[in-house]
Trainee: 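For reference, the structure I am asking about is given below.
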Amino acid sequence: MTMRTPIRTTLAGAALVGLLATTGATAATAGEDPAAGPPVGAEAEVYEAEDGELAGVEVDNTAPGFSGSGYVTGFDADDDQVTITIPESPGGLHELTVHYRTPSGQKNAVLLLNGSGMGEITLPETDEFAALPAGKVLLQEGTNTLTVRSGWGWYEIDAISLEPAAERPPHQVTGEPVNPDASPEARSLLGYLTDHYGNGILSGQQDMASIEWIEENLGTSPAIAGLDLMDYSPSRVERGTVGVDVDHALDWDEGGGITTFVWHWNAPSGLIDEPGNEWWRGFYTEATTFDVEAALADPTSEDYGLLLRDIDAIADELQRLEDAGVPVLWRPLHEAEGGWFWWGAKGAEPAKELWRLMYDRLTEVHGLDNLIWVWNSVDPEWYPGDDVVDIVSADSYPPPGDHGPLSATYDQLVELGQDRKLVALTECGPIPDPDLLTAYRADWSWFVTWSGEFLTDGNWNSREHLEHVYSHPDVITLDEVGDFKNHGR
Ligand code: CA
């Protein structure tokens, strides 16, 4: 799998950023047959792409199965696009369906509504024209335009259709942790998040240096600190890294903030360690020969033992947090379905098995009861199961300045957890506009903006947008969090 955004590295203890790519809407997920996609409802209006305004693309009619008089093809240059006009709309929230074909494999397309970015959709491979649910769009009264812009290109757009969105039924989230022995603090945190679900979004920021930037530049502080156990990975420690984020978490907790941890787990062995794939990139599939499937298949193997060694090392760090009464929104094995990290490189089954191994090891063997388990893939094939997941989540990096609500991804996650699990935006580039979250009923529990330039370059998020977000009445900042550790107690 290609990583679409250059990997940014800072070795100064900060997280090595890569990640990206499962962006926007992974609208139809692997395993579902897009050609068999849901029928378009009776109320749907169809708008043919070939009637749209074409830029760098052309109409063709050689492949069978299209509607209208043809379809639009030739998306190759970055700014190639078709803009489809929707006349005389009564306005309001609508479900968007994209009718398309991808004869040369899965592609991504960028969507714009009335010229504003709406994130990306993933178009699963299909030789036949197929209908893909592509999330909600909030139409204005009168004329609207929907633009499909190149993205990864090499797909064909037949039409779009729109129908009024149904009301979302009330959430069914219980807030009961999957670990029956969850600590009072963990229970309170999950209860706190559950009680706020659908009533505002918690602000979060990855990396302490970036949090300090917010404090200095915006005069406020996020509710959630995103931290990383990366530098506690044994294969890094033996090369000299010294983890600091657990200490940061202890300080952050003293200041009343909520903590989430990811773990860029440097592969236990098999680091390639050559220029371009240095040892410190060892969480990337391409930077290691470590085979998670083979390791798990043989519990007597050295590599299986190394998996346990690493989990045990991390358990020591998480234990420090439990000892201090710090509950953790715990997000290991993140972005597994992307395949760009070794734990996802061999497909869904080893990733799920490793999740359960980690859950059992940390919960049962080490007795860590301060963890709220945050799963971070959208595809149902990858889901480890309701009994070992508290919260479902996704990471999303739409183009810079695209502050759309990511409603397609949100809706997929609601479905993944059958609306019984909280849904979180655990990493983002551009922060969704809180006004749109309300309008689209995209009730993300929290967001965490990734570190460095995602926050500070004025491009991913303008200063104006950051001020809008951090002063918004629906966005919960540190000073508004309250005593989440005693919530409901
Ligand atoms: Ca057509």
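Being a predicted model, the structure only gives us computed values, none of them experimental.
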Trainee: Decide whether Gln319 and Glu322 meet the rule of one side-chain donor and one side-chain acceptor closer than 3.5 Å.
Mentor: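 Looking only at side-chain atoms, Glu322 and Gln319 do form a donor-acceptor pair, the distance falling under 3.5 Å.
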
Trainee: I'd like to know if Arg149 pairs up with Asp78 as an ion pair, taking the criterion as any Lys NZ or Arg NE/NH1/NH2 lying under 4.0 Å from an Asp or Glu carboxylate oxygen.
Mentor: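 No salt bridge links Arg149 with Asp78.
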
Trainee: Quick test of your reading of the model: are Asp411 and Lys136 salt-bridged, counting only N-O distances below 4.0 Å?
Mentor: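 Result for this pair is yes, salt bridge flagged.
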
Trainee: Please determine whether a side-chain nitrogen of the Lys or Arg among Asp273 and Arg281 lies less than 4.0 Å from a carboxylate oxygen of the Asp or Glu.
Mentor: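 Looking at Arg281 together with Asp273, the answer is no, because their closest N to O distance does not fall below 4.0 Å.
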
Trainee: Do Ile211 and Ser221 come close enough that some side-chain heavy atom pair is under 4.5 Å?
Mentor: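 Counting from C-beta outward, Ile211 and Ser221 do come under 4.5 Å.
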
Trainee: Ring centres under 6.0 Å, that's the criterion: do Trp375 and Trp382 meet it?
Mentor: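 No, too far apart.
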
Trainee: Is a side-chain donor-acceptor pair under 3.5 Å present for Glu335 with Trp340?
Mentor: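 Yes, Glu335 and Trp340 have a side-chain donor paired with an acceptor closer than 3.5 Å.
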
Trainee: May I ask you to check whether His334 and His264 place their ring centers less than 6.0 Å from one another?
Mentor: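 They qualify: ring centres under 6.0 Å apart.
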
Trainee: Determine, for Lys352 against Glu381, whether the closest basic-nitrogen to carboxylate-oxygen distance falls under 4.0 angstrom.
Mentor: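 Salt bridge between Lys352 and Glu381, a charged N being under 4.0 Å from a carboxylate O: no.
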
Trainee: Do the side chains of Asp386 and Arg420 get close enough for a salt bridge, i.e. N-O under 4.0 angstrom?
Mentor: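 Answer for the salt bridge query: no.
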
Trainee: Does the ring centre of Tyr410 sit less than 6.0 Å away from the ring centre of Tyr440?
Mentor: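 Not under 6.0 Å, so no.
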
Trainee: Trp342 and Trp265: aromatic ring centres closer than 6.0 Å?
Mentor: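 Judged by ring-centre distance (under 6.0 Å), Trp342 and Trp265 do meet the cut-off.
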
Trainee: Flag the pair Arg356 and Glu353 as a salt bridge only when some basic side-chain nitrogen lies within less than 4.0 angstrom of an acidic carboxylate oxygen.
Mentor: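 Result for this pair is no, no salt bridge flagged.
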
Trainee: Indicate, with yes or no, if the rings of Phe454 and Trp460 have centres closer together than 6.0 Å.
Mentor: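 They qualify: ring centres under 6.0 Å apart.
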
Trainee: I'd like to check Ile391 versus Val423 (side-chain heavy atoms, cut-off strictly below 4.5 Å). Are they in contact?
Mentor: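 Of all side-chain heavy-atom pairs linking Val423 with Ile391, none is under 4.5 Å.
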
Trainee: Are any of the side-chain nitrogens in Glu302 or Arg309 under 4.0 Å away from the carboxylate oxygens of its partner?
Mentor: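 No, this pair does not count.
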
